[in-house]
Structure formats: C-alpha cells, structure tokens
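Side-chain atoms are counted along with the backbone in the values below, which use heavy atoms only and exclude waters and symmetry mates. A quick note: this is a predicted structure, and the numbers were derived from the prediction, not measured.
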Amino acid sequence: MEVVPGTQFLLARVDDVARWAQSSSVWPLTMGLACCAIEMMSVTAPEYDIARLGSEVFRASPRQADLMIVSGRVAQKMGPVIKRLYDQMADPKWVISMGACASSGGVFDNYAIVQGVDTIIPVDVYVPGCPPTPDGLLYAVNLIQQQIRQGGRGGILARA
C-alpha cells in the first residue's frame, strides 16, 4: 500500500486488498472427528476467542467454508468422506491437521486408521500434540492467515 502525501488517496493493488480481506475472514468447516474436536470447540470460548482472528463462524456447508480443520483420528471409512468434503470446498482453501492422530495416525497404528490425513488431502499446517492446546490451533490459524497474505502455502509445522 502507498499513501500519496498531501492528498487523501490510498493506493493498493487489488491482489493485496483481496488477500487482506481473505485472511481476515477465514471460515472453518464444522467437522470434528475425535477427541481433538473438544479442543477445537473450545477456541470459540471467550478464554481463547477465535473471533479476534475473524474465524468465529464455523460453517456447516463445505461450500461456505475455506478452512478444513481435521481434528482427531481419521478412520478408513471417513477417508472418502473427507476427500469429498474437501472437493466441495471452493478454491482457495486450506487444511489444518490438528493432533498426532490426524497428522500421523498417532497411537492408532492399525488397519482401521489412516496414517496421516495428508495421504488423502493436502495439508497446509500441522499442529502436533495429543491433544494439541487451543493455543496451538489459534497459532495454526494465524499461520494460515500469514500464508494467505503472502500468497504461499503448505507444509508448516505449528508449535505453540
């Protein structure tokens, strides 16, 4: 952005304004898979207040969401459902893998659990922990916002 001295003009590129607007209103999809979903739900409480990041509106429809938070273990039967929900989200879209189970299968090293959601859909930010703290999820949303503003994406490990 550029301010023209002596005038009341503020100049900016359309891409910068669009990225600022997109990063200020990242709307997550309402989707909880396991125990990490309890921590995900607590970020809307006044103690953590995800509203200050512009992400307080959890959308019930994938067509109205641009952030998928995969919180918890992913069963083999849920894999195609997650892929379908991801495909139904409009571009651009982002994914947070929340917790050890979503990122790598966690303690569930067996045939029934997907060993990492990134084998199904691309993941932008990984949040480690079992379960990760709500602060970790807030930090991950903040990293997504930074990615949107910079126009890049992908493969960040969030530690809070």
(message) So for atom CG, which belongs to D109, do other residues, nucleotides or ligands contribute more than 12 heavy atoms lying within a distance under 6.0 Å?
(response)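 Open.
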Please report the closest heavy-atom contact between [X] and [Y], naming both atoms and the distance.
| X | Y | value |
| --- | --- | --- |
| L138 | Y48 | CD1-O, 3.6 Å |
| V125 | A140 | CG1-CB, 3.7 Å |
| A51 | E56 | CA-OE1, 3.4 Å |
| Q145 | S23 | NE2-O, 2.8 Å |
| T119 | G116 | OG1-O, 2.7 Å |
| A12 | V17 | CB-CG2, 3.9 Å |

(message) Can a donor-acceptor pair be found, under 3.5 Å and without considering hydrogens, that links the side chain of D124 to the backbone of V95?
(response)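 Judged by distance alone, yes, a pair lies under 3.5 Å.
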(request) Measure the CG-OG distance between L137 and S55 for me, rounded to the nearest 0.5 Å. (result)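 Result: 9.0 Å between the selected atoms.
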(request) State the CD1-CG distance between I144 and L67, to the nearest 0.5 angstrom. (result)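 The distance works out to 6.0 Å.
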(request) Kindly indicate whether the side chain of Y86, heavy atoms from C-beta on, has any atom under 4.5 Å from the side chain of I120. (result)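 Contact flag for Y86/I120 side chains = no.
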Of all residues at least two apart in sequence or in a different chain, which pass the side-chain hydrogen bond (donor to acceptor under 3.5 Å, both in side chains) check with [X]?
| X | value |
| --- | --- |
| S71 | none |
| D66 | Q22 |
| S103 | S97 |
| T44 | none |

Which side-chain N or O atoms in residues 72-85 pair as donor and acceptor under 3.5 Å with protein atoms at least two apart or in another chain?
unit_1 : atom_1 : unit_2 : atom_2 : d
K83    : NZ     : D87    : OD1    : 3.3

(request) Please name all residues satisfying side-chain contact (heavy atoms from CB on, under 4.5 Å) with S61, sequence neighbours left out, ordered by chain then number. (result)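 Listed in chain order: R63, Q64.
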(request) Output all residues satisfying side-chain contact (heavy atoms from CB on, under 4.5 Å) with A21, sequence neighbours left out; order by chain, then residue number. (result)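 None.
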Would you say [Y] ends up clustered with [X] if hydrophobic residues are merged whenever their side chains have heavy atoms under 4.5 Å apart, either directly or through other cluster members?
| X | Y | result |
| --- | --- | --- |
| L53 | V127 | yes |
| W94 | W27 | no |
| Y139 | M98 | yes |

(request) Only counting residues at least two apart or in another chain, list the ones meeting salt bridge (Lys or Arg N to Asp or Glu O under 4.0 Å) with D91. (result)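 Partners of D91 by the salt bridge (Lys or Arg N to Asp or Glu O under 4.0 Å) criterion, ordered by chain and then number, come out as K93.
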(message) Test question: given the 4.5 Å side-chain rule for I, L, V, M, F, W and Y, name all other residues clustered with V107, or answer none.
(response)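 Once heavy-atom contacts under 4.5 Å are chained together, V107 belongs with F108, I113.
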Contacts under 3.5 angstrom, residues 30-42 side chains, donor-acceptor by atom type, not counting sequence neighbours:
unit_1 : atom_1 : unit_2 : atom_2 : d
T30    : OG1    : F58    : O      : 3.4
T30    : OG1    : R59    : O      : 3.1
S42    : OG     : E39    : O      : 2.7

